[in-house]
Amino acid sequence: MSMDNNSKDRPTDPAVIRDLYRAGLLTGPARDTALRLLRPARAWWTWANRIMLFLGAALVLSGIVFFFAYNWARMGRFTKFGLIEAGILVCLIGAHRLKYHSLAGKVLLLSASVLTGSLLAVYGQIYQTGADAYELFVGWAALILGWVLIARFAGLWLFWLVIVNTAAILYWGQVAESNYNVCYEALCLALALVNAAFLSAREIGILKNREWLAGVWLRDVLLLAVLTYLMIPGIGLIVDEADNTTAGLLALVAFLAAVSGGYYAYRSVFGDLRALAYITLAICILVLTAIGRGLFEISEDAPVYLLFGLIILGTMSLATLGLRRIGRTLAEERSGQR
Amino acid sequence: MSLSIDDLLSTLTSDGLLDDKSQAAVITHLQDKKNMPGDPVYIRILAAGGAWAAAICFISFLVISDLLSDSDVSQFGWGFGFLLGSILLRRGLNSIFWTQLALAFTSAGHMILIWWCGITYESIGAVALTRAAITLVMYGIYPDPIYRFLASTTTLALTTFWMFEAKYHHNLLHVLIGLEAVVMGLVLAGRKGVALFSPLAYACATALLGSILLYTGVEDFQGPLWPMRIIITIGLIGLYIWAAGGQSRLSDEWMLAAIGATILLGIFSNPGILAAVGLLVLGHALGDRICLVFGAVFLPVFIVIYYYSLNVDLAYKSWVLGGSGLVLLALRWFLSRRPWAEEDAP
């Protein structure tokens, strides 16, 4: 029995070893040897080293936050500012000395970014400027943008994006809705656009071999955010909870564009079945909401529930069947490319 | 470390751990896997979500049409009818729609029977026992990993709640946690019947973390922690030894450092932290993403619970937090300068 050479050159991982052991094809000693070859002491240390760095930094930052919370009333304004600014400075000097692109440098830049938010919060509380909360987040995002750009750190990227999303939601709640009557559909569309822009930038970065963007989790988070922001107004329109029908329709069009573009990108360019599963789930939710709305509009009698249950099963079966087929095609394409 | 399958097989063969016949069997197996890849877990979850929603619709249909009444006969009959139907469908037909319909039937059957049991006996113990009995019967004959995972998880969760309700938890919960840890370790790292019992192992991981969360996070449920601490610390040290390749590694400096840190954490911290670390280690050793996700999600949760529940004022807490962070960073700095941290192989 032969196996194509390309498959034999494929990097292996402990999951494959476990599968072979479970199938009875490797003995216990062979399994243990294989696992040690794949996970030598140095690999374990690299893994533990990262966890210790992130945990240690998170604990120190939490300690600083608790320290301020406790000593708040007793500390003078200059002490408060001085301590936080000193913390930021230490982080920046540390990041500079350890190189921004090293793991420790990245964690220090992330710490400096968190402390910048604390500094703005302290400023707002001491001087009681009367500014809306969204302004803090806008200022925060603006102040740390430089570090986000130089760090080449996906975690900091996401942190910045969370701040931007929060700023937009707060701006809508505190200003846009009350002063300018901006509907929630417009907010959702704007946020979907921002997150889609980041997702596109991430995917272009992958095509250009930017390894620091390679974590699949970033794709997962951004794609789910885009789909969720577009689904909210879509569902609102279907169940008659829309503030603005035109904006709702626009969101539906944007949803269609996003799922079409996403399908093309993750089917033909990146070959990512999980991303396709998210897209399929989003389509199923919207389609089933529309069908359910239509059915229960006609009647709420018992047989409609039975019918809707069967429609749900039919829809999800089709989705599963489609994904399964795509998964097999992707696997064939991958082995053909190697 | 990146190693191709070819390199690995060559190494095992040259070490005398794999003969030519076994190597051919390995290649055939990998080729078959490549040609017929199984469903990833997220596709199974997608299908299960649809079946669960459909089950709610089926029960609504029965209730609205008065086919499912308050009588014992009706509830018992429909519950068992659904379960029987699901087994026949699942074992008789293999297309996606029928598989999903079977899963919807089994979900509906469980919901009705558990509801009936809860109303009739008004006791979590009775509900847990019923759930356990159904799971015991169905686990082997209903060949669906998602069902097996959900059934085992709910059985363990109900058993845990029953222990809390019956005030037996100070004794039995520690035993249950020990059993869950042993089953999880044996199944995930073992060989015999693993495919059948993998869902049970993941259910044990979920229940283990959930029980510790409840026990240490909710004031009403709290009790002595030492049995749990001992069980999890010993389990974690055993896991290190297994992952490192056996007892011969016990004298290595890095192993001693890991064991020392584990014992200290076992004495002073929340046992959930060690349980989450255990899942991370197991997940990393076996390349098991489910264990890694469980560990990564629950580790920060247990750390927050530990510091939140420290019975000290905020000032002291801030020093403990910052201090433990600095100790961790200093330890990292020290260990990264040890010779073995630079070596390529143990």
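Naming: A, B, ... by sequence-line order, numbering from 1 per chain.
The two atoms that bring H29(B) and D19(A) nearest to each other are NE2-OD2, 2.9 Å, heavy atoms only. In terms of heavy-atom proximity, F308(A) sits nearest to C57(B) at CD2-SG, 3.8 Å. Of all heavy-atom pairs spanning A47(B) and T320(A), the tightest one is CB-OG1, 4.0 Å. When every heavy atom of P29(A) is checked against every heavy atom of L17(B), the shortest pair comes out as CB-CD2, 3.9 Å. What you find for P40(B) and L273(A) is that their closest heavy atoms are CG-CD2, 3.9 Å. When all heavy atoms of L321(B) and G63(A) are compared, the closest pair comes out as CB-CA, 3.6 Å.
When each of L299(B), L101(B), L103(B), D313(B) is scored by its heavy-atom pairs under 4.5 Å with chain A, the top score falls to L101(B). For the set L62(B), I43(B), L286(B), I64(B), the count of heavy-atom pairs under 4.5 angstrom toward chain A peaks at L286(B). Interface check for chain A: of the options R44(B), Q100(B), R289(B), the most heavy-atom pairs under 4.5 Å are formed by Q100(B).
Of the two parts of D66(B), neither the backbone nor the side chain holds a non-hydrogen atom closer than 4.5 Å to a non-hydrogen atom of chain A. Both the backbone and the side chain of L321(A) come within contact range of chain B, judged by heavy atoms closer than 4.5 Å. Looking at L67(B), neither its backbone nor its side chain comes within 4.5 Å of chain A, counting heavy atoms on both sides. For A315(B), the parts lying under 4.5 angstrom from a heavy atom of chain A are both the backbone and the side chain. With a 4.5 angstrom heavy-atom cutoff, N49(A) touches chain B via backbone and side-chain atoms both. Interface residue V281(B): backbone and side-chain heavy atoms are both found under 4.5 Å from chain A. For A48(A), no part lies under 4.5 angstrom from a heavy atom of chain B.
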**Request:** Determine, step by step, whether F66(A) and W319(B) satisfy the ring pair (Phe, Tyr, Trp, His ring centres under 6.0 Å) criterion, reporting the C-alpha distance in whole Å, the side-chain angles of both residues, the deciding distance to 0.1 Å, and the verdict.
**Result:** CA-CA 9 Å; F66(A) 273 75; W319(B) 289 113; over 10 Å; no
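L20(A) CG to I5(B) CD1: the interatomic distance, rounded to the nearest 0.5 Å, is 8.0 Å.
At distances below 3.5 Å, at least one donor-acceptor pair connects side-chain atoms of Y42(B) with backbone N or O atoms of R274(A).
Put simply, the side chain of W98(B) does not reach to within 4.5 Å of the side chain of L313(A), judged on heavy atoms. Looking at heavy atoms from C-beta onward, I303(B) lies in side-chain contact with L55(A) at the 4.5 angstrom threshold. The shortest side-chain heavy-atom distance between L30(B) and V16(A) falls under the 4.5 Å cut-off.
Ring geometry for H284(B) versus W44(A): interplanar angle over 60°, hence perpendicular rather than tilted (30 to 60°).
Heavy atoms of other residues, nucleotides or ligands lying less than 6.0 angstrom from CZ of R293(A) number more than 12.
There is a side-chain donor-acceptor pair under 3.5 Å between S198(B) and R22(A).
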